[in-house]
Amino acid sequence: MTTRGAPAGGRGVRGDLFDPCCPTRQLLDRIGTKWTSMAVKALADAAPEEVRFAELRRRMPGVSQKMLSVTLRSLTRDGLVSRRVEPAVPPRVFYRLTGLGMSLEAVLAGLRTWAEEHMAEIDRANAATDQEADEG
């Protein structure tokens with residue numbers, strides 16, 4: 001069975017964000033998280049140098065070891081981050097943005113700039129909505 005607008009085989013139509021099977025939508029779900037954005041930013045700040053896992057975790061306040069591991073695994077799988085392991089006890093693992101990852105950083109930087117420029121407006125809208133809810 002296929003979803004409406006999806007070709008046989010369960011793959012969505014590219015560019016149809018309303019189709020749950022859309023590959024673009026699936027990628028946006030992965031790169032649109034705060035941890036992905038923070039990891040890409042931390043790796044971009046270090047570029048072209050590599051960053052060890054523990055150092056990345058220190059640069060990302062609030063991220064758990066498991067969440068960082070899941071995030072880096074996803075970024076590596078998508079070709080946005082490269083991973084290098086030095087054989088040691090324990091193994092030393094290093095991460096670096098790929099060229100594709102650096103191109104994503106440029107896009108995320110624009111989003112961060114937009115957020116910084118508009119957070120006050122968003123905070124005011126939230127406060128007004130909360131006040132209306134309290135009064136109503």
Side-chain angles (χ1 to χ4, degrees):
M1 182 170 133
T2 62
T3 60
R4 189 179 67 193
R11 291 197 148 299
V13 177
R14 181 183 169 134
D16 181 1
L17 292 177
F18 297 102
D19 178 355
C21 297
C22 172
T24 304
R25 177 177 172 168
Q26 293 169 5
L27 181 64
L28 288 172
D29 284 344
R30 290 197 303 272
I31 64 172
T33 71
K34 68 180 175 184
W35 300 125
T36 295
S37 182
M38 289 175 75
V40 169
K41 171 72 169 133
L43 289 167
D45 286 349
E49 302 299 318
E50 296 176 314
V51 181
R52 289 189 62 191
F53 183 92
E55 178 59 26
L56 263 178
R57 190 162 177 218
R58 279 191 288 279
R59 293 180 186 196
M60 296 172 58
V63 70
S64 69
Q65 182 171 336
K66 179 178 180 170
M67 194 68 236
L68 181 55
S69 179
V70 167
T71 299
L72 290 169
R73 190 175 306 122
S74 176
L75 289 169
T76 301
R77 184 172 187 266
D78 290 336
L80 300 166
V81 168
S82 64
R83 179 180 186 265
R84 182 176 66 84
V85 180
E86 273 186 7
V89 179
R92 294 169 40 124
V93 183
F94 298 86
Y95 297 90
R96 157 189 321 199
L97 283 181
T98 63
L100 186 60
M102 287 301 288
S103 70
L104 175 60
E105 165 52 19
V107 174
L108 292 176
L111 182 59
R112 285 191 304 272
T113 299
W114 182 89
E116 290 164 3
E117 290 173 355
H118 297 284
M119 266 320 294
E121 292 173 70
I122 292 168
D123 287 342
R124 285 191 297 275
N126 278 288
T129 300
D130 291 348
Q131 184 175 356
E132 288 174 13
D134 290 344
E135 293 171 357

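Just so it is clear, the structure is predicted and the values come from calculations on it, not from any experiment. Starting from 1, each residue takes its place in the sequence as its number.
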From CA spacing to verdict: side-chain contact (heavy atoms from CB on, under 4.5 Å), Arg73, Thr76: CA-CA 5 Å; Arg73 190 175 306 122; Thr76 301; 5.8 Å; no
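- Looking only at distances, no side-chain donor or acceptor of Ser74 sits under 3.5 Å from a matching main-chain atom of Val70.
- Listed by chain and residue number, Glu135 satisfy the side-chain contact (heavy atoms from CB on, under 4.5 Å) test with Gln131 (two or more places apart in sequence, or in another chain).
- Shown here are the salt bridge (charged side-chain N to carboxylate O under 4.0 Å, His left out) partners of Arg52, two or more places apart in sequence or in another chain: there are none.
- Closest non-hydrogen pair, Ala47 versus Met102, comes out as CB-SD, 4.1 Å.
- Considering all non-hydrogen atoms of both residues, Leu43 and Val81 come closest at CD1-CG2, 3.8 Å.
- How far CG of Leu17 is from CG of Asp29: 9.5 Å, rounded to the nearest 0.5 Å.
- No donor-acceptor pair closer than 3.5 Å links the side chain of Ser37 to the backbone N or O of Leu108.
- From Asn126, atom CG reaches atom CZ of Arg124 across 11.5 Å, with rounding to the nearest 0.5 Å.
- Considering all non-hydrogen atoms of both residues, Glu105 and Ala44 come closest at CG-CB, 3.5 Å.
- Taking CE of Met67 as the reference point, atom OG1 of Thr36 lies at 7.0 Å (rounded to 0.5 Å).
- In this structure, the side chain of Thr129 engages the main chain of Ala125 through a donor-acceptor pair within 3.5 Å.
- Contacts of Arg96 classified as salt bridge (charged side-chain N to carboxylate O under 4.0 Å, His left out), with partners at least two apart in sequence or in another chain: Glu50.
- Residues satisfying the side-chain contact (heavy atoms from CB on, under 4.5 Å) test with Glu117, not counting sequence neighbours, are Thr113.
- Leu56 and Phe94 are not part of a single hydrophobic cluster, where members link through side-chain heavy atoms under 4.5 Å apart.
- Checked against side-chain contact (heavy atoms from CB on, under 4.5 Å), Arg59 has the following partners two or more places apart in sequence or in another chain: Ala42, Ala46, Val51, Glu55.
- For the pair Phe53 and Gln65, the tightest heavy-atom approach, listed with the atom from each and the gap, is CZ-O, 3.6 Å.
- Under a 3.5 Å cut-off, the side chain of Thr98 and the backbone N or O of Leu80 do form a donor-acceptor pair.
- Note that CD of Glu116 and CZ of Arg112 are 8.0 Å apart. Values are rounded to the nearest 0.5 Å.
- Atoms CG and CE, from Leu68 and Met60 in turn, are 5.0 Å apart once rounded to the nearest 0.5 Å.
- Atom OG1 of Thr71 and atom CE of Met38 lie 10.5 Å apart (nearest 0.5 Å).
- The salt bridge (charged side-chain N to carboxylate O under 4.0 Å, His left out) search around Arg25 returns none, not counting sequence neighbours.
- In the hydrophobic cluster analysis, where Ile, Leu, Val, Met, Phe, Trp and Tyr join through side-chain heavy atoms closer than 4.5 angstrom, Val85 is grouped together with Tyr95.
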